[in-house]
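Written out below as structure tokens is the structure these notes cover.
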Amino acid sequence: MKSNYLLKYHDFYFQRIAKLKEQVKELHNKLSNEEFRQHEIVKFAYRIREADQEIIPQDPNRPEYRLRGDLRKYRRYKQGLQRYRLFFCFSNQPKIILYLYLNDEKHLRKAGDRNDPYKEFKSLVTKRYFSHNPDDPKVQKWIKSYYP
């Protein structure tokens, strides 16, 4: 399904996805087709791709994606990802979704844990590593690439 949103990827998210793609490629080269299709990393990669390419762009402002408090300007997707979280922000004018963060196996979801992905993401937001602000130069660059 074609999205009405321009999909953009922060370097942090892009590097995580690139690592995941590399793992899938290695598994494809060493496993049989049946083992490959059943492997958890392959299934996880499929769920991430489906989420960022199809599910989230249908309605990035769904109530279950919303965060509260200091992170209220951001959204997160978790359906079917078990202890993983995909964080993003979006704009309806212009229609852009910025994928920001996907936790790794060192930052699995566990409430209260110091490596919890929500704590890690909030720390990166506090350090201004990510921004939802349309005046941010990186966000402006993405907007200009959408409206040249």
Side-chain angles (χ1 to χ4, degrees), residues 1-111 113 115-125 129-134 136 138-139 141-148:
M1 182 169 82
K2 180 77 171 122
S3 169
N4 291 330
Y5 285 87
L6 176 66
L7 308 178
K8 290 291 189 171
Y9 305 89
H10 188 281
D11 288 342
F12 192 99
Y13 183 84
F14 185 82
Q15 289 171 13
R16 176 71 174 109
I17 294 301
K19 180 181 175 189
L20 191 56
K21 283 182 180 179
E22 188 59 37
Q23 289 174 306
V24 169
K25 192 175 182 179
E26 287 173 13
L27 290 168
H28 188 264
N29 291 334
K30 78 177 193 182
L31 299 176
S32 71
N33 281 340
E34 184 62 31
E35 290 171 316
F36 176 76
R37 283 194 305 264
Q38 296 301 317
H39 200 282
E40 278 306 309
I41 291 175
V42 175
K43 290 178 182 180
F44 176 66
Y46 174 80
R47 288 189 299 266
I48 293 296
R49 187 177 190 316
E50 183 181 45
D52 78 14
Q53 296 292 305
E54 298 173 26
I55 298 170
I56 294 169
Q58 289 175 15
D59 181 5
N61 200 29
R62 290 176 69 164
E64 63 265 28
Y65 300 164
R66 295 180 189 154
L67 297 169
R68 296 184 300 244
D70 295 341
L71 298 177
R72 70 186 169 280
K73 300 283 186 178
Y74 298 93
R75 304 292 185 264
R76 64 90 178 88
Y77 180 85
K78 65 179 185 176
Q79 287 75 14
L81 301 182
Q82 292 147 352
R83 295 175 63 196
Y84 289 88
R85 299 294 182 267
L86 186 164
F87 292 87
F88 63 97
C89 60
F90 75 99
S91 167
N92 281 321
Q93 207 52 27
K95 288 183 159 276
I96 299 175
I97 297 173
L98 306 173
Y99 292 106
L100 302 168
Y101 177 87
L102 176 65
N103 59 307
D104 58 18
E105 54 282 343
K106 295 176 190 162
H107 297 93
L108 295 174
R109 173 71 176 130
K110 184 176 178 186
D113 189 85
N115 289 323
D116 184 83
Y118 291 94
K119 286 184 180 181
E120 177 71 8
F121 182 71
K122 185 175 181 176
S123 169
L124 292 168
V125 167
Y129 195 73
F130 299 124
S131 177
H132 62 82
N133 184 348
D136 182 285
K138 285 184 181 177
V139 175
K141 183 179 172 186
W142 289 326
I143 290 171
K144 287 176 183 160
S145 73
Y146 189 68
Y147 291 112

TODO: Apply side-chain hydrogen bond (donor to acceptor under 3.5 Å, both in side chains) to Asn92 and list each qualifying residue two or more places apart in sequence or on a separate chain.
DONE: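 For Asn92 the side-chain hydrogen bond (donor to acceptor under 3.5 Å, both in side chains) partners, ignoring immediate neighbours, are Tyr5.
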Open item on the list: I'd like to check the side-chain hydrogen bond (donor to acceptor under 3.5 Å, both in side chains) partners of Glu35; sequence neighbours left out, ordered by chain and number.
Closed with: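 Only Ser32 meet the side-chain hydrogen bond (donor to acceptor under 3.5 Å, both in side chains) criterion with Glu35.
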Between [Y] and [X], is there a side-chain heavy-atom distance shorter than 4.5 Å?
X	Y	result
Phe12	Leu100	no
His10	Leu98	no
Tyr13	Ile48	yes

Open item on the list: Centre-to-centre under 6.0 Å for Tyr74 and Phe121, is that the case here?
Closed with: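 When the ring centroids of Tyr74 and Phe121 are compared, they turn out to be within the sub-6.0 Å range.
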Open item on the list: Could you work out, with ring-ring contact (aromatic ring centres under 6.0 Å, His included) as the rule, every residue matching Tyr46, not counting sequence neighbours?
Closed with: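 If we apply the ring-ring contact (aromatic ring centres under 6.0 Å, His included) test to Tyr46, skipping adjacent residues, there are no hits.
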Quick one: [atom1] on [X] to [atom2] on [Y], what's the gap to the nearest 0.5 Å?
X	Y	atom1	atom2	value
Gln93	Lys95	CD	NZ	8.0 Å
Lys122	Leu71	NZ	CG	6.0 Å
Glu26	Leu31	CD	CG	10.5 Å
Asn33	His28	CG	NE2	5.5 Å

Open item on the list: Checking side-chain contact (heavy atoms from CB on, under 4.5 Å) between Tyr9 and each of Ile97, Ile17, Asp52, which is the one that passes?
Closed with: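 Only one option passes, and that is Asp52.
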Residues in side-chain contact (heavy atoms from CB on, under 4.5 Å) contact with [X], at least two apart in sequence or another chain:
X	answer
Arg49	Gln53
Ile55	Glu50, Tyr65, Tyr77
Lys25	Glu22, Asn29
Asn61	Asp59, Arg66, Arg75, Phe90

Side-chain atoms of residues 37-45: list all donor-acceptor pairs with protein atoms under 3.5 Å, sequence neighbours left out, distances to 0.1 Å.
unit_1, atom_1, unit_2, atom_2, d
Arg37, NH2, Glu34, OE1, 2.9
His39, ND1, Ile41, N, 3.1

If I compare all heavy atoms of [X] with all of [Y], which pair ends up nearest, and what's the gap?
X	Y	answer
Ala51	Pro57	O-CD, 3.7 Å
Arg16	Asn103	NE-O, 3.1 Å
Cys89	Lys73	CB-O, 4.0 Å
Phe36	Leu27	CD1-C, 3.8 Å

TODO: Step by step, work out the side chain to side chain contact (heavy atoms under 4.5 Å, CB included) result for Val125 and Phe87.
DONE: CA-CA 11 Å; Val125 167; Phe87 292 87; over 6 Å; no
Open item on the list: Assess the residue pair Tyr101 and Glu120 against the criterion (side chain to side chain contact (heavy atoms under 4.5 Å, CB included)); give the C-alpha distance rounded to whole Å, side-chain angles, the decisive distance to 0.1 Å, and a yes or no.
Closed with: CA-CA 10 Å; Tyr101 177 87; Glu120 177 71 8; 3.0 Å; yes
